Amino acid sequence: MANFEIPKAYEPQKYEDSLYQKWEESGFFNPDNLPGRRQKSFTISLPPPNATGVLHIGHAVMLAIQDLVIRFQRLQGKKTLWLPGTDHAAIATQTKVEKLIKDKEGKTRFDLGREDFLKRVNDYVKKSQNTIKNQIRKMGSSCDWSRERYTLDQGLTLAVHTAFVEMYQDGLIYRRVRVVNWCPRCHSTLSDDEVEYRSVKEKLYWIKYGPFILATARPETKLGDTAVAVHPSDKRYTKYVGQKIMIPGVLGDFEITVVADGAVDPQFGSGVIKVTPAHDFTDFEIAQRHNIAFKQVIDEDGKMMANCGKYAGKTTWQCRQAIVADMQKMGLIEKIEDYDHNLSVCYRCETPIEPIPSKQWFINVTKPIDKFGGKTLKDQALAVVKDGEIKIIPDRFEKVYYHWLENLRDWCISRQLWFGHRIPVYYRKQANSKSETLNPKQQEEIYVGIEPPKGERWVQDPDTLDTWFSSGLWTFSTLGWPEKTKDLTTYHPTDLMETGYDILFFWIARMIIMSTYLLNDVPFRTVYLHGLVRDEQGRKMSKSLENTIDPLDMIKKYGADATRLSLIIGNTPGNDMNISEAKIAGYRNFVNKLWNISRYILMRASSVQLIEKPLQPKTLADNWILFELDNLIDFAAKNLSEYNFSIVGEKIYEFTWLKLADWYVEISKVKSQNSKLTEEILLYILQVLLKLWHPFCPFVTEQIWGQLHSKELLIVQPWPKPLNKINQKVIKDFDLIQNIITAIRNLRVEVKLAPGQKTKAIVISSKAKLILGQVEIIKSLARLDDLKILTKSQKLAKSFSAIIAGAEIYLPVSGMMDIVKEVKRLEAEAQQAKNFISHLQQKLENKRFLERAPKEIINAEKDKLAINQNRLEKIEQQLKTLR
RNA sequence: GGGCUCGUAGCUCAGCUGGUUAGAGCGCAUGAUUCACAUUCAUGAGGUCAGAGGUUCAAAUCCUCUCGAGCCCACCA
C-alpha cells in the first residue's frame with residue numbers, strides 16, 4: 001500500500017481553479033512554448049463571444065468541443081493554437097447599453113450625443129469583458145490568452161479599414177440609394193440576414209382602386225403608390241397597360257401608371273398589385289424596370305412624412321387605422337379578411353422593419369474581379385466548398401450554403417449605429433457652406449483611406465460598419481493581417497471552425513467571402529457545425545420558460561468535466577441536443593468512478609511510477625484487457641481526428657467502467673492474481689486511459705496524473721501507442737469465462753442465495769482446460785467455495801442449471817427445490833431456442849440465400865445453428881432429469 | 001411554395017456505406033454496505049424499431065408514399 005491519502009470522493013471545486021492556473025503558468029496554451037519538436041500546426045479561432053455577454057449553455061458546447069479537439073491535437077504532437085477573443089457585437093451591445101441608459105436615466109443616445117454615448121458603451125464593455133473571459137476559463141478552455149484579440153482593438157481596426165479600402169479600390173464597395181431594411185428603433189439599416197420573421201394574424205384589405213380591386217396588408221402605403229402592376233399575359237388588364245389613371249384616395253385623386261411585370265402572379269388575388277416603390281423591395285424593383293418615380297412617405301422613425309397631409313406624424317400603425325376608417329367612409333374598402341402574415345422584425349430588438357429608400361454602402365457580390373480572372377465574390381465562395389478546399393460537417397449543410405450564396409444579393413454594410421468601426425470614408429464640405437453639421441452624404445468630393453486625408457473641411461462618414469464585416473476577417477485579422485506576420489504564415493488557414501449552424505450565413509459564409517478575396521485563400525479547412533442545446537423535453541431554453549441550464553451553476557455543482565462530458569457524449573453534428581441536470585449528474589458519477597479506479601490502482605501499487613518499458617502480459621485477463629486497450633487507442637485516434645466525438649466518449653466510457661472497473665479490477669483482487677505485473681499493468685492502463693480521457697475531462701485527468709510522478713503535465717504528453725502484441729483468441733476465451741460467471745450469478749439470484757453465501761458449482765465444457773486455468777477467478781467473482789470442471793456430460797443429481805454457448809453450469813440443490821418453477825423456466829428457454837433454430841433452418845434451406853449470401857454469413861449462421869441445437873439438447877436432458 | 005432534420009424500451013438517445021436472437025444511460029423492480037467508489041455493486045422487467053407499400057437471399061438500416069414533431073429559406077400583394 002502506498003503511504004498517501006487520496007480523498008474518497010472527487011470534489012472538482014477543490015482542484016479546478018488551481019489546475020487551470022497551473023496550465024496557464026506552464027505556458028503550454030501558447031504553441032511557442034510546447035515541448036518537443038512539433039512540425040505541424042493546428043489552429044482554431046474561437047468564435048468570439050460578445051464582449052458584454054455571459055456564458056450560456058451554447059458557449060459551453062462550443063468550448064467543450066473546441067477544447068477537446070485542441071487538447072487531442074496537442075497530445076498528437078501538433079503545434080496547437082486556439083486563439084481567443086471577444087466581439088464588440090455592434091448592434092447587440094449598443095442596444096443593450098441604450099436600454100440600460102433608458103431604464104436608468106430615461107435618456108436616448110441622441111440625448112447624450114455621439115461622443116458621450118460611445119464613452120458609456122466603451123466603459124461598459126471594459127467593465128464586463130472580464131466576466132466572459134473568466135467564464136471561458138472555468139470550462140477548462142486551453143486557449144492562448146497571450147494572443148487574445150478584441151474586434152475593436154487597434155490591429156483589428158486597421159484590418160477592417162484595409163479591407164474596406166481594398167474592396168473599394170477594386171470597385172466591390174459602392175454607395176447607392178436603394179430600398180433597405182430599416183429598424184426604426186435602432187435607427188439603422190440591417191442586412192437581409194439580420195431580419196427575422198414572425199408569423200402574425202393581420203388583416204388583408206381588399207380595396208377599390210380606380211378600375212381595379214386589389215388586396216393589400218398595408219393600406220397606409222397607398223400614400224406612396226405611383227403605379228399598378230399586372231402580369232404581361234393577363235388579358236383581363238391588357239387594355240390598361242401603359243395608361244395613366246387617376247385613383248381616388250383619402251387625400252384626393254392621384255395618378256398612377258399601369259405596368260405589366262412578370263413579378264405579378266395572375267393567379268393570386270385579383271392579379272393586380274399596387275406599387276409602392278419606396279417601401280417595398282419587389283415594388284422598388286418593378287419601379288426600376290419601368291422607370292417609375294418613387295415617393296417616400298415613411299421616415300426613419302417609422303412615421304408618416306409631411307407629404308401625408310393629415311396623417312403626417314402618425315406611426316404607420318396609427319396611420320393604417322385612420323386611413324382604413326377614412327376609406328371605409330369613402331366606400332373604398334371592398335372587404336377585410338383575416339390574414340396570416342410573416343412580419344419582418346429586427347433580430348436584435350424585434351421592432352417591425354420598415355423598408356425605406358436610403359443611400360447606403362454595399363458590397364457587390366456579382367461583380368467580376370479582374371485579379372481573380374473575372375470571378376465574383378459569390379463564385380469564389382462557392383468554388384472553395386464545391387472543390388473540397390473547405391469541408392462542412394455534416395455535409396448536408398453544404399447544400400444549404402450553396403443555396404444561400406446563389407441567392408445572395410448585394411450586402412448592405414453601413415449601419416447608422418454609433419458603436420462599431422467608423423467607415424473610412426471622408427467627404428469634403430463645401431467652402432461656402434454655412435452649416436456646421438452639413439449632411440456629408442450630400443457632398444460630392446470623396447476620400448477613401450485608412451488614415452484621414454490632409455487638408456481642410458473633410459468630414460468622416462458618420463456611419464459604422466456591419467459587425468459581421470469585422471468578424472468576417474476574424475481568422476486572419478487576429479493573426480496580424482494586413483502585416484505579413486509569422487503567425488499568419490504559420491497558423492493560417494486555420495484547421496477547424498467550430499460553431500452553431502445558426503450562424504452559417506451570418507458568419508461562416510462572410511468569412512469565406514472575405515478570406516478568399518483578401519488572402520486568396522480559405523479561412524479554414526473544416527467547418528464543424530453543432531446544434532442547439534435544448535431542455536430535456538426538446539424545448540428551446542428561455543428565461544420565460546424557466547428551463548435554462550446555467551453552465552456556471554453546473555460547473556459549481558458537478559464540475560467542469562461532468563458538464564463537458566454531458567455536452568459531448570450524445571451530441572452529433574448538426575443536430576440539436578437535449579440536456580438535463582440529471583445527465584450532468586450522471587457524468588459527475590462517472591468522473592468520480594474514474595477517480596476511484598485511480599485511487600484503487602494507486603493505493604495498491606507498491607511503487608507508483610510511469611510504465612515506460614514494454615509489458616509482457618501473462619494471464620488471460622491481462623491479455624484481454626490490454627487487447628481491448630490497444631483497440632481503444634486506435635479507435636479513439638481515428639475517430640477524434642474525424643470529429644466523431646460522441647462515439648469515442650462512449651467507447652472509452654464503456655472500457656473504463658464496464659471492462660476495466662467491473663472486470664479487470666475485480667479480477668486483480670483475486671489472490672492468485674496478486675503480482676507485481678498486475679500492478680504494473682494497472683498503472684499502465686491508468687496512464688493510457690488518462691491520456692485518452694484528457695481531451696474530454698481535462699481537470700480530473702490532470703489531477704490524477706499529478707500522482708504518477710511524471711516530470712511533465714498531462715496536457716503535453718504524447719498520445720499512447722498500442723502494444724500490438726496480443727492474440728485475438730483471448731477475446732473469445734475471456735468471453736466464455738465472463739459468460740460462465742454471469743450465468744452463475746444469475747442462477748444465484750434465481751435460487752435466492754444470499755449474496756454473501758458461498759456455494760458449489762459444476763461446469764461441463766469441452767474447454768475444460770481453459771476454464772481450469774481461470775478457476776480462482778470464477779470462484780471469486782461468482783462466490784463459489786468449490787468448482788468442479790468436467791469435460792463430458794454425465795448424470796448429475798437434481799440441480800439448477802444454466803446452459804450457455806460452450807458450457808453447462810449446475811448449481812447443486814441445497815434444501816428444497818421448486819421443481820415446477822425450474823421446469824417452467826427451462827421450458828421457456830427451450831422454446832426460445834427452438835424458435836431460433838427453426839428460423840435458422842429456414843434460412844439455411846433457402847436456396848437463394850445459399851447462392852447469394854457471402855460465405856462468412858452462411859458459415860456464421862451454420863455455427864449459430866450448431867451451437868443452439870447443442871444447447872437445446874442439453875436443456876432437454878436437464879428437463880428429463882428434473883421430471 | 002422550396003429545402004432539411006427527426007419519429008427505436010417510461011425518459012434521453014446509439015445503432016456508419018443493409019447480415020448479432022435490436023443496444024446504452026437514466027428511471028423502475030429485487031437484493032447487497034468493513035475490504036477503490038452508495039456519486040457504489042449484482043440481477044431483472046421493459047421495444048411487432050411511427051404506419052403502409054417496394055427493392056433484396058436478407059431491411060431499424062436502401063426507395064416511395066402517409067401520419068406526426070421541429071428547423072431553415074422564399075418578393076406572393
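Keep in mind it's a predicted model, so treat the numbers as computed, not measured. Order of the sequence lines fixes the chain letters, A, B, ..., with proteins taken first and strands second; residue numbering starts at 1 for each chain.
Checked against side-chain contact (heavy atoms from CB on, under 4.5 Å), Ser780(A) has the following partners two or more places apart in sequence or in another chain: Val670(A). Scanning for side-chain contact (heavy atoms from CB on, under 4.5 Å) contacts around Gln831(A) gives Lys834(A), Asn835(A), with sequence neighbours left out.
Rounded to whole Å, the C1' atom of A60(B) lies 42 Å from the corresponding atom of C76(B). Rounded to a whole angstrom, the distance from the P atom of C73(B) to that of A29(B) is 46 Å. For the P atoms, the distance from U64(B) to G18(B) is 16 Å, rounded to whole Å. Look at the C1' atom in both U17(B) and C63(B): the space between them is 16 Å, to the nearest Å. Atom C1' of A14(B) sits at a distance of 32 Å from the matching atom of G2(B), rounded to the whole Å. Comparing U12(B) with A52(B), their C1' atoms sit 29 Å apart, to the nearest whole Å. For the P atom pair drawn from G46(B) and A22(B), the interatomic distance equals 14 Å after rounding to whole Å. Separating the C1' atom of G47(B) from that of A9(B) is a span of 5 Å, rounded to the nearest Å.
For the pair Asn592(A) and Gly574(A), nearest-nucleotide mapping onto RNA chain B gives the more 5' position to Gly574(A). Mapping Asn746(A) and Asn846(A) onto RNA chain B by nearest heavy atom places Asn746(A) closer to the 5' end of the strand.
Contact detail for Phe212(A) and Tyr240(A): the closest heavy-atom pair is CE2-CD1, 3.6 Å. Of all the heavy atoms in Ile579(A) and Ile549(A), the pair that sits closest is O-CD1, 3.8 Å.
In this structure, Arg599(A) places its CZ atom 12 Å from C1' of C35(B), rounding to the nearest Å. Rounded to a whole Å, the CZ atom of Arg604(A) is 11 Å from the C1' atom of A36(B). When rounded to the nearest whole Å, the span between CD of Gln841(A) and C1' of U21(B) equals 15 Å. Rounded to an integer number of Å, the gap from CE of Met603(A) to C1' of C35(B) is 10 Å. What separates CZ of Phe849(A) from P of A58(B) is a distance of 10 Å, to the nearest Å. Look at CG on Asp863(A): it is 13 Å from P on U21(B), rounded to the nearest Å. Summarising the geometry, the separation between CH2 on Trp595(A) and C1' on A36(B) is reported as 12 Å, rounded to the nearest angstrom. Distance Leu602(A) CG to C37(B) C1': 14 Å, rounded to the nearest Å.
In terms of polar N and O atoms assigned as donor or acceptor, the side chain of Gln757(A) never comes within less than 3.5 Å of the base of A32(B) in a complementary pairing.
Taking a pair as Watson-Crick or G-U wobble with both distances under 3.5 Å, RNA chain B forms stems of 3 or more consecutive pairs at B:1-7 with B:67-73, B:10-13 with B:23-26, B:28-32 with B:40-44, B:50-54 with B:62-66.
Between Lys399(A) and C4(B), a side-chain N or O to OP1/OP2 separation shorter than 4.0 Å is present. Dashed line: the shortest gap from a side-chain N or O of Lys669(A) to OP1 or OP2 of C35(B) is not under 4.0 Å.
A salt bridge links Lys638(A) with Glu642(A); the closest basic N to acidic carboxylate O contact falls under 4.0 Å. Between Arg871(A) and Glu829(A) a salt bridge is recorded (basic side-chain N to carboxylate O distance below 4.0 Å). Contact check on Glu337(A) versus Lys203(A) returns no salt bridge, with no Lys/Arg side-chain nitrogen under 4.0 Å from an Asp/Glu carboxylate oxygen. Salt-bridge formation is detected for the pair Glu285(A)/Arg409(A): a Lys NZ or Arg NE/NH1/NH2 atom is positioned less than 4.0 Å from an Asp or Glu carboxylate oxygen.
Residue Glu666(A) is classed as a base contact, given a heavy-atom separation below 4.0 Å to a base. Within 4.0 Å (heavy atoms only), Ala661(A) reaches at least one base atom of the nucleic acid. Note on Lys8(A): only backbone sugar-phosphate atoms sit closer than 4.0 angstrom, heavy atoms only; bases stay farther off. Across all strands shown, Arg588(A) has heavy atoms under 4.0 Å from base atoms, whether or not it also approaches the sugar-phosphate.
Checked by atom type, the side-chain pair Thr216(A)/Trp206(A) shows no donor-acceptor distance below 3.5 Å. With 3.5 Å as the limit, one finds no donor-acceptor pair spanning the side chains of Asn578(A) and Asp535(A). If you check the side chains of Ser838(A) and Gln842(A), you find no donor sitting under 3.5 Å from an acceptor. Judged purely by distance below 3.5 Å, without hydrogens or angles, the side chains of Thr742(A) and Asn739(A) never pair a donor atom with an acceptor atom.
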- Which nucleotides of nucleotides 72-77 of chain B have their base under 4.0 Å from a protein heavy atom (B), which only their sugar-phosphate (S), and which neither (-), written as one string 5' to 3'? -SBBBB
- How does protein reach along nucleotides 8-18 of chain B, written 5' to 3' as B (base within reach of a heavy atom under 4.0 Å), S (only sugar-phosphate), or - (no contact)? ----SSS----
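Closest to the Thr742(A) side chain, of the nucleotides U43(B), G31(B), C41(B), is U43(B). Nearest to the side-chain atoms of Pro755(A) among the listed nucleotides G19(B), A32(B), A36(B) stands A32(B). With A42(B), C37(B), U21(B) as the choices, the nucleotide that has an atom nearest any side-chain atom of Asn596(A) turns out to be C37(B). Residue Arg534(A) has its side chain nearest to C71(B) when only U40(B), A42(B), C71(B) are considered.
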Sub-3.5 Å pairs of nitrogen or oxygen atoms, protein against nucleotides 26-30 of chain B:
none

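Among Leu682(A), Val608(A), Ile597(A), the single residue meeting the side chain to side chain contact (heavy atoms under 4.5 Å, CB included) criterion with Leu602(A) is Val608(A).
Relative orientation of the Tyr528(A) and Phe645(A) rings is tilted, given thresholds of 30° and 60° on the angle between their planes. Between His839(A) and Phe836(A), the ring planes are parallel. Angles under 30° get that label, and only those over 60° would be called perpendicular. Ring planes of Tyr501(A) and Phe397(A): parallel class, angle under 30° (limits at 30 and 60°).
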